[in-house]
Amino acid sequence: MQQSDSLPPPPNAYPRLLVTDITKRFISSVEALEAGDLVKDDHFTLFESVAALEIMDSKMDSGVLAEGESLDEEYDVSRDLLPEEILGIMDQLLCLEMAWHLGYPLSQTLLTSVYVEALLKPRPPHFFYADFFRDAQGRETQPKLLFILRAYCLGLLKACCFVNELVRDELYYEEEDFVTNTYDRYLLFDIPVQPINNFLRKARSDLRDLSNDVPKDISAALDLRLELRIAFLRAIDLSELRKANPDSLKTPWIQMSGLLEDIKKQHFLGKPVAEAFSTKLQRQLASTMPPRPIVQPSFDECYNHFKQLIQDGIDIMDVLKYSDPQSLLNFVSLFQARKPQPLVYIRTLLQNLLFKEMVVLGNYSIRQILDHDLKIVVLPCAPQVDPSFDNIEIPTDPRHQIAAQMEIFRQRVAECYLDIFRIFCQNRCRIRRTLCHNIQEWDMLQADVEEIDQLLQVALDEKSLETEGVEIGYSLPLSSWAYLYKLRQMEWIVQLGFELDIYQTDEFAGMYWYLNYLAKTRAQHGDRIKSFTMRNMNNARFGPGSSGGGSEKQLSSYTAAKEREYLQSLAYLRASMLDAACTWEFADGLCCLYTALQRLSLIRAPQRPYGSDTLRYDLRMKPFRNITLPALPTFDEFTRATLQPDTETHHLLKYAENAIGGARKGYEALSKMSDTQVFSVNAHDRWIANTKNCLKASIAAGISVSMLQTAQTAFERGSGKEENDLRSWLKVEMPTPEKRYHNWWIVPKLHVVRSNRGIGGAPPFVPYVPTLTKSRMHNT
């Protein structure tokens, strides 16, 4: 063997292999090359050359061995385990399962278990072969208690198989949420669940028969873990029965909740077996991924995540209690907004419950949901959604023409409409990103359905609406419906920008102004829809052209069912307009507050040597740039509306006080409404909590405005004498996400720096905090 003079000889791990040091020869060959020359061997591919860079790098080469280390895992699955060791391995597997649910790959979690690898490789074609030992002699001589661990692993892997297949079937983002790669391990895909359930039950029975060999407390702990696996498989199985009673589908989840509490109390009984898990098993997986360490959260972290998973599983079944599309949308959006956000399995399960086989909630067609939504928002008791028109086959009949145009409309909007629900089943960052693309589609949709509106307008012989001598125009209900949804999505984009901390503090004033602009537009649009709904209701009640009264025949045709439908639509418009007004007023108040803080130098923009206000405006408004309506304000309009240079600071704060006070009253009114009034059926508790958080934020904003008003007044009385900087009086603290009253409403907190003496002849500065406001906050 030739050796280099400057380098030590390479370790000869294989005595029969002749190793040659080519370092000197390689260096001399390289010196003969000119800069930029490339030597390429046609038989040495790009893939091989890249792979060669990883050779003998311990961070990249999974085959690199330390001195004295063997290539294969040496742990013997036939070793005799103590009962407490079996319990410890079960809890370790539970933690690894949760790490997989959190988004880590199987190669760093469950597939690092020697026992799991023994079950899965080679691939078992039948339940009988899903064992740690594939030969008859091994089965006969296996340890007495190993069947308990086998049963637990089988139940665990089958549950993971179901979860993995469910996630694959739904919309998810692997690079952000979940890794479905099984690395050529099939997670018992070919084995039905029934024999696994039977084996779990038999294992529990056999465990009870071993009362003399296993301590009572450990036996109870092992039994509970086997029962947990049965309950989890049962919960997954029942979730397929979307037509069943939703409360009955909660039963296994509730059972799991009780079991998890007992499992936590028994965790100390287990004895971990660290050597039963190894990263060496990654070398046997079908993967190009370099070796990675095992990811195993602590048992307390695992317990908290599993507790959340189980509670979300219980709550999610309420989605099957359908009431109306608006309540359904509120349920999905509020459920996904909870902190911490539901795990990927729960979010994909929600998609499955909603849309599996394109049957909404297992009972309703997409047409039924769409028509119900149209009736609530823009078309109560309207001929456009009358199903009897589908039976008219005469092409010249207006009813046939109406039915044909409505079918075109449904086909055009169905996917866009369902995508709103799908989008809310993603993580929060992905929701905002996808909404930015989705509003472009809704903008085109609005233009397309306006053409359908015009054709229906002729078929229905619709008359334009005049109010107090002012002509409002035609109703255009379908494009109005699309416009309303587009406005809501645009608001969500801006609000999620605050939640995700996308905007800098000095940008808050501008973005809250734009949110105010969108909410004001939505309120005005809702008022327009309401005008046409009221006209249609009066025409149905008293006859066309009547404003209060009509013949007996016309009154008798106005049934109680029609009355309920009109009142439901008006209730929705009332709640929607009140919500828009609250958003409008609160955003306007915060815009004024942040503008005042910037004027008083209490908030300063950071240095941006490579940016400008114009570029930053283009960046923030990029999602809305191509939207036709509402028109995007120009940069000059945006700047002037945000800074309000013609308004003095004390007037600005007064306006902020009034606007925030109006928002507070609106939120108080919303919080007192019933679930049917605000369309939050089955999600009213979450809706009330969300509204009260908005109320708390508005109260806190009112306090901040009052403190700033008081400080400014005291400062102006003594300015120019001893102090000339309000920052020596007040300090602004921006709350962190976990300390905010609401994710979308970021209220600055003002702290008094100096208040023990006045400035010049001015009295000492004492911040004014209304007693009523503090008591309201406490009660809320």
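Since this is a predicted model, take the numbers as computed values, not measurements.
Under the 4.5 Å side-chain criterion, counting only non-hydrogen atoms from C-beta, Val752 is in contact with Met707. Counting only heavy atoms from C-beta outward, the side chains of Asn516 and Lys520 approach each other to under 4.5 Å.
No side-chain donor-acceptor contact under 3.5 Å links Trp745 and Asn693. Side-chain N/O atoms of Asp453 and Tyr474 include no donor and acceptor closer than 3.5 Å. Side-chain contact check for Asp177 and Asn427: at least one donor-acceptor pair (N or O, by modelled atom type) lies under 3.5 Å.
Annotation: side-chain contact (heavy atoms from CB on, under 4.5 Å) contacts of Asp312 (sequence neighbours excluded): Gln308, Phe335, Arg338, Pro342, Ile346. Remark: Phe679 engages Tyr572 in a ring-ring contact (aromatic ring centres under 6.0 Å, His included) (not counting sequence neighbours).
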Quiz item: Yes or no on side chain to side chain contact (heavy atoms under 4.5 Å, CB included) for Lys696 and His742, after CA distance, side-chain angles and deciding distance?
Solution: CA-CA 8 Å; Lys696 291 177 184 179; His742 194 279; over 6 Å; no

Self-check item: Gln712/His650 under side chain to side chain donor-acceptor pair (under 3.5 Å): CA gap, chis, key distance, verdict
Solution: CA-CA 8 Å; Gln712 189 198 14; His650 65 276; 5.3 Å; no

Exercise. I would like to know whether Tyr514 and Arg620 meet side chain to side chain contact (heavy atoms under 4.5 Å, CB included); could you show each step before the answer?
Key: CA-CA 10 Å; Tyr514 188 62; Arg620 299 307 181 208; over 6 Å; no

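When every heavy atom of Phe638 is checked against every heavy atom of Pro633, the shortest pair comes out as N-CB, 4.4 Å. Heavy atoms only, all atoms of each residue included: Leu670 and Asp579 are closest at CD1-CA, 4.2 Å.
The salt bridge (charged side-chain N to carboxylate O under 4.0 Å, His left out) contacts involving residues 589-609 comprise Asp506-Arg608, where partners must be two or more places apart or lie in separate chains.
The cationic group of Arg686 lies under 6.0 Å from the six-membered ring centre of Phe331 and within 45° of the ring axis, placing it in a cation-pi geometry.
Using a 4.0 Å cut-off between charged side-chain N and carboxylate O, Glu176 and Arg433 make a salt bridge. The existence of a salt bridge linking Arg412 and Glu441 is confirmed by a sub-4.0 Å separation between a basic side-chain nitrogen and an acidic carboxylate oxygen. Between Asp527 and Lys530 there is no salt bridge, since no side-chain N of the basic residue sits under 4.0 Å from a carboxylate O of the acidic one. Salt bridge present: Glu657 and Lys654 bring a charged side-chain N and a carboxylate O closer than 4.0 Å.
Within a 6.0 Å radius of OH in Tyr104, no more than 12 heavy atoms belonging to other residues, nucleotides or ligands are found. Crowding of Asp685 atom CG: a count of heavy atoms from other residues, nucleotides or ligands under 6.0 Å not exceeding 12.
Test Trp744, Phe586, Tyr503 against Phe498 for ring-ring contact (aromatic ring centres under 6.0 Å, His included) and you get one pass: Tyr503.
At distances below 3.5 Å, at least one donor-acceptor pair connects side-chain atoms of Ser698 with backbone N or O atoms of Leu695. Proximity of a side-chain donor or acceptor of Thr639 to a complementary backbone N or O of Asp636 within less than 3.5 Å is not detected. A donor-acceptor pair is defined here as one N or O able to donate and one able to accept, closer than 3.5 Å; such a pair exists between the side chain of Arg168 and the backbone of Thr180.
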